[in-house]
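Comments concern the structure below.
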Amino acid sequence: MPARKNPMLLSGTNRNITSKESNLQQFVQVDDYAAMRITVHLIQYKEGSKMLQQLNLAIENYEYKKSNCHGVPFYLNKDIHIPKSEEAMDINLDKLEEEISNIIPTNKGFMYDWHLYWSKKPHNVTDLVLKSFLPDKGTLLDPFMGYGTTILEALRQNKGIHPIGVEINELPVKIFDTIMRKSNVACLQTFLSQIKSELKDELEKYYSVLCLECRGSGSLLKIEYDYKDGVNIPKILQYYCHSCGRSYKRDISNEEVNIQMAINEELKTLPDESMKLLPNSRIAVKNGMYILDIFPNRAFYFMKRIKEIIFNLEDCSEKEDLIAVLSSCIHLAKFTDRKSQSQFPYWIPTKERVERNIWYLFQDRFNKLIRMKTHNNINTNSVVILNKPFQKISNGEIPPNSIDFVLTDPPYMDIVAYSEYLKLWEYFTGYKAVLEDEIVVSNREQGKDFKRYFEDIHKSFQLIHDVLKPNKYACVWFNDTKLENWCNFLDACTNAGFDFIKQIPVHRNKYTYKQINSPKSTIKGECLLIFRKREKSSTKGGKTENSEIELRTLVKKILSAKGGEASTSEIVNSGLIEGLYKRGELHKFSTKYKDLPGCLEDVCLYNKEKN
């Protein structure tokens with residue numbers, strides 16, 4: 001992996017390492033301990049507990065009927081009561097920003113590690129946000145639920161919060177259901193043994209390799225290919241020797257190349273219409289491309305075999321768990337690069353293509369599921385999940401002026417094509433991915449452009465405004481380098497009836513491929529944008545006579561606070577967007593500059609030595 005680059009603006013002396021950075025390992029350890037401590041705390045709440053008594057004493061106002069919760073498991077359909085409106089409490093946003101800056105954001109933990117899903121937000125940041133805006137009780141809404149971090153953390157706090165999640169696609173709802181549902185672990189283990197028994201002969205035939213150390217039999221773990229002239233040529237293999245009790249990695253012999261290529265030819269699957277993908281160059285789907293094209297032949301064969309065996313099991317909740325396990329394998333079952341860093345499911349590396357042993361992968365994800373099930377004791381009595389597009393929610397499902405707080409991560413334009421990606425998962429799981437109503441920019445046929453995207457975002461925030469109680473807050477994840485996108489997004493929210501209150505930076509230690517290789521033109525980390533339901537006020541401030549002077553003033557203030565120099569991300573995430581937008585200057589800069597780095601270079605010096 002390339003070394004991480006850190007773009008700096010303005011030459012000067014390096015700042016000292018902060019205590020937060022120097023104690024990184026300490027924070028990681030504390031986070032694991034905190035998760036265990038919370039789990040122990042949750043175990044104490046049983047039937048007839050004070051927690052359940054508090055839920056039953058919630059003030060009756062509106063009810064959610066079972067008929068409103070389409071495509072959701074029975075236990076999620078329970079009626080809940082929404083408390084009556086209360087006066088908005090004052091939130092100390094500066095304190096919240098300080099608390100967030102003092103932790104290492106993480107999305108790791110037993111509830112989050114077992115499944116690979118996009119855009120999981122840091123649960124410890126989510127926890128702090130919820131404690132600030134819903135310290136005691138209230139009704140929480142996440143209109144773009146995704147994996148469900150917002151809902152999960154609200155439930156983990158185990159207090160009088162009534163969470164409501166809305167999600168357009170079926171897979172995330174099933175993932176959430178798998179996390180929440182109690183399962184018979186012994187039954188799951190029995191099913192796993194049954195699947196392995198049915199596959200035993202095939203696994204031995206197609207995954208066995210010779211150990212050169214003891215001449216005994218080993219099991220293939222990974223194999224790396226060179227791709228030449230449309231053919232995958234085996235190059236390096238990694239295997240586990242059962243006699244030696246250890247794994248080895250070595251170059252593959254010419255004889256083994258022929259054996260492995262013969263296996264892949266034998267297990268080749270013919271494409272059919274159910275595997276056909278919609279062309280979209282933005283996400284690496286070419287015309288005439290099929291799902292099986294992104295998999296090694298052997299991997300696709302065994303994914304299909306495991307799917308067939310699971311689907312033939314008797315219907316029960318544990319069968320749904322196994323489908324969830326299979327879905328968690330797909331990211332790594334396809335061709336990946338060595339580090340498996342790409343979040344793009346349809347992308348295939350042009351060199352160093354890696355194939356994994358599907359059975360070992362399935363077992364690993366299964367064990368993570370069991371770990372999650374064993375440690376998870378979250379109370380589910382007050383949660384409602386609606387499996388439908390948020391823009392199609394009715395007043396009967398979420399009544400006007402009924403929500404105390406909104407925390408959500410809306411789709412980011414064309415960054416993640418959720419429904420198009422989930423067509424791959426639909427093939428293996430049967431869980432429906434909805435293309436028609438998703439709010440995502442796509443260049444596929446009949447896909448949405450940026451204009452339509454921002455129109456849909458505006459309509460969604462109008463609905464959020466309608467269901468939110470007077471003077472209450474909505475907290476939204478967002479970040480972008482393009483000034484025009486910032487303007488359009490903030491306009492969509494403020495024109496829907498919100499005041500833009502504050503921009504809170506959330507720094508991330510994990511960097512994307514683009515952030516590593518294009519440090520100057522990308523913004524690291526994310527922002528939490530705080531909005532408040534407007535009565536009669538206006539977010540946009542008065543315009544200044546000289547935009548450049550206003551920009552210099554804001555940047556100078558930020559640099560001063562950072563010790564004289566700062567990265568592009570630090571400047572942008574430290575309130576620059578908030579300051580320019582509230583002064584009415586952001587729109588001016590968006591017509592003059594394409595992105596934020598270009599805007600900053602007019603008032604700062606770029607230090608290439610610290611790139």
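Using a distance-only test at 3.5 Å, with no hydrogens or angles considered, a donor-acceptor pair links the side chain of Asn495 to the main chain of Asp491. Distance alone, capped at 3.5 Å, is enough to place a donor-acceptor pair between the Asp480 side chain and the Lys482 backbone. No donor-acceptor pair under 3.5 Å is formed between the side chain of Asp142 and the backbone N or O of Val166. Remark: the backbone N or O of Met145 is not paired with any side-chain donor or acceptor of Thr150 at under 3.5 angstrom. At least one donor-acceptor pair closer than 3.5 Å links the side chain of Lys159 to the backbone N or O of Pro135. Here the side chain of Arg532 pairs no donor or acceptor atom with the backbone of Phe498 at under 3.5 angstrom. Checked by atom type and distance alone, the side chain of Thr336 never pairs as donor or acceptor with a backbone atom of Leu332 at under 3.5 Å. Counting only distance, with no hydrogens or angles, the side chain of Asn107 and the backbone of Lys120 share a donor-acceptor pair below 3.5 Å.
The two residues Pro349 and Phe335 come nearest to each other via the heavy atoms CD-O, 4.1 Å. Between Ala154 and Leu130 the shortest heavy-atom distance is N-CD1, 3.5 Å. Nearest heavy atom pair, residue Glu167 against residue Phe144, reads OE1-C, 4.3 Å. Taking every heavy atom of both residues into account, Pro105 and Asn124 meet most closely at CA-OD1, 3.6 Å. Heavy-atom minimum distance, Asp113 versus Lys368: O-CD, 3.7 Å. Nearest heavy atom pair, residue Trp347 against residue Lys334, reads O-NZ, 2.9 Å.
Side-chain contact between Ile175 and Ser328 is absent, with no heavy atoms from C-beta onward closer than 4.5 Å. The shortest side-chain heavy-atom distance between Lys472 and Ile403 does not fall under the 4.5 Å cut-off. At least one side-chain heavy atom of Ile530 sits under 4.5 Å from a side-chain heavy atom of Phe133. At least one side-chain heavy atom of Leu529 sits under 4.5 Å from a side-chain heavy atom of Leu490. Between Leu278 and Val285 the shortest side-chain heavy-atom distance does not fall below 4.5 Å. Contact of the Phe390 side chain with the Ile439 side chain is not registered, since no non-hydrogen atoms from C-beta on lie closer than 4.5 Å. Using a 4.5 Å cut-off on side-chain heavy atoms (C-beta onward), Leu369 and His115 make no contact. Under the 4.5 Å side-chain criterion, counting only non-hydrogen atoms from C-beta, Met180 is in contact with Leu155.
When each of Arg452, Lys392, Lys432 is tested with Asp437 by the rule salt bridge (Lys or Arg N to Asp or Glu O under 4.0 Å), just one qualifies, namely Lys392. Only one option out of Arg534, Lys533, Lys582 pairs with Asp499 in a side chain to side chain donor-acceptor pair (under 3.5 Å); it is Arg534.
Note that the CD1 atom of Ile393 and the CG atom of Asp466 stand 13.0 Å from one another [nearest 0.5 Å]. For the atom pair OH (Tyr421) and CD1 (Ile330), the distance works out to 14.5 Å, reported to the nearest 0.5 Å. Taken to the nearest 0.5 Å, the OG1 atom of Thr494 stands 9.0 Å off from the NE2 atom of His458. Atom-to-atom distance recorded for Leu141:CG and Ile151:CD1 is 7.5 Å, nearest 0.5 angstrom.
Using a 30° and 60° split on the angle between ring planes, Tyr112 and His123 fall in the parallel class, below 30°.
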Which is it for Tyr473 and Leu468 under the side chain to side chain contact (heavy atoms under 4.5 Å, CB included) test, yes or no, and what are the steps along the way? CA-CA 8 Å; Tyr473 292 88; Leu468 202 59; 5.9 Å; no
Could you go through Lys131 and Glu99, starting from their C-alpha distance and side-chain angles, then the distance that decides it, and tell me whether this counts as salt bridge (charged side-chain N to carboxylate O under 4.0 Å, His left out)? CA-CA 11 Å; Lys131 286 176 178 176; Glu99 289 175 339; over 6 Å; no
Evaluation steps, salt bridge (charged side-chain N to carboxylate O under 4.0 Å, His left out), between Glu455 and Lys459: CA-CA 6 Å; Glu455 288 174 353; Lys459 291 175 183 176; 5.5 Å; no
Does the pair Lys423 and Glu426 meet the rule for a salt bridge (charged side-chain N to carboxylate O under 4.0 Å, His left out), with working shown? CA-CA 5 Å; Lys423 283 297 177 182; Glu426 183 179 296; 3.3 Å; yes
Step by step, would you call Tyr431 with Ser327 a side chain to side chain donor-acceptor pair (under 3.5 Å)? CA-CA 10 Å; Tyr431 299 147; Ser327 76; over 6 Å; no
Give the intermediate values and the outcome of side chain to side chain contact (heavy atoms under 4.5 Å, CB included) for residues Tyr117 and His331. CA-CA 9 Å; Tyr117 193 80; His331 269 294; over 6 Å; no
Set out, in order, the CA-CA distance, both residues' side-chain angles and the distance that settles salt bridge (charged side-chain N to carboxylate O under 4.0 Å, His left out) for Glu153 and Arg156, then state yes or no. CA-CA 5 Å; Glu153 291 307 306; Arg156 191 158 75 163; 3.2 Å; yes
Apply the test side chain to side chain contact (heavy atoms under 4.5 Å, CB included) to residues Asn485 and Tyr412: give CA-CA distance (whole Å), side-chain angles for both, the deciding distance (0.1 Å), then the verdict. CA-CA 10 Å; Asn485 290 342; Tyr412 287 7; over 6 Å; no
Please walk me through it: do Asp404 and His162 pass side chain to side chain contact (heavy atoms under 4.5 Å, CB included)? CA-CA 10 Å; Asp404 290 284; His162 303 292; over 6 Å; no
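Looking at Ser419 and Glu438, their side chains do bring a donor and an acceptor atom within 3.5 Å of each other. A donor-acceptor pair shorter than 3.5 Å can be found between the side chains of Gln157 and Asp127. Side-chain contact, Tyr418 with Ser119: a donor N or O sits under 3.5 Å from an acceptor N or O.
Other residues, nucleotides and ligands contribute at most 12 non-hydrogen atoms within 6.0 Å of the CD atom of Glu484.
If you look at Phe478 and Trp486, their ring centroids are closer than 6.0 Å.
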